[in-house]
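Structure record follows, encoded as structure tokens.
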Amino acid sequence: MSARIDLGAVEEFEEGVLQVRQVSSRQIGVARWQGKFYALRNICPHQSAPLCAGRLLSGVREGDEVGTIESDDGAPVVTCPWHGWEFHLDSGESLWDPRYRVRAYAVAVENGRVMLEMRR
Ligand code: FES
């Protein structure tokens with residue numbers, strides 16, 4: 001079973017900034033990055049830091065050869081403020097070890113409102 005939660009108007013979310021919203025008992029970080037919205041649980045899976053107090057950055061794209069890593073604006077990450085682990089905004093997966101993952105939620109824009117899809 002899932003619920004759709006209205007997080008606010010699109011204009012309330014500044015580009016490149018993570019905002020934390022309280023959704024029942026959970027804190028959810030919501031980011032607007034290049035016009036797209038992402039949502040993550042505000043708890044780092046390493047040692048439970050408030051992950052969404054970290055910085056948003058472009059992700060990386062690995063090339064086939066040594067020395068060909070490039071930044072990727074289409075795959076943003078958040079860096080944890082305590083120890084710097086990075087997590088993909090879309091999947092919540094850690095960049096360095098995919099066994100670590102923060103809960104990521106689906107987000108959609110409907111009639112100018114940012115809607116969170118939350119499974120119960
Ligand atoms: S608590 Fe987030 S990287 Fe350690």
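Just follow the structure's listing: the first ligand is 1, and inside any ligand the first atom is 1.
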- Message: side-chain contact (heavy atoms from CB on, under 4.5 Å) for Val107 and Tyr38? Distances and angles first, verdict last.
- Response: CA-CA 6 Å; Val107 186; Tyr38 302 88; 5.7 Å; no

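- Counting atoms of ligand 1 from 1 in the listed order, those under 4.0 Å from a heavy atom of Trp85 are 3 (S).
- Within the listing of ligand 1, atoms 1 (S) sit less than 4.0 angstrom from a heavy atom of Ala49.
- Closest N/O/S atom of His46 to atom 4 (Fe) of ligand 1: ND1.
- To the nearest 0.5 Å, the span separating CD1 on Ile28 from CD1 on Ile43 amounts to 9.0 Å.
- Here OG of Ser58 is found 7.0 Å from CD of Gln34. Values are rounded to the nearest 0.5 Å.
- Ring geometry for Tyr100 versus Trp85: interplanar angle over 60°, hence perpendicular rather than tilted (30 to 60°).
- For atom 2 (Fe) of ligand 1, the N/O/S atoms of Cys80 include one lying under 2.8 Å.
- To the nearest 0.5 Å, atoms SG (Cys44) and NE2 (His83) are separated by 8.5 Å.
- Nearest protein heavy-atom contact of atom 4 (Fe) of ligand 1 is His83 ND1, 2.0 Å.
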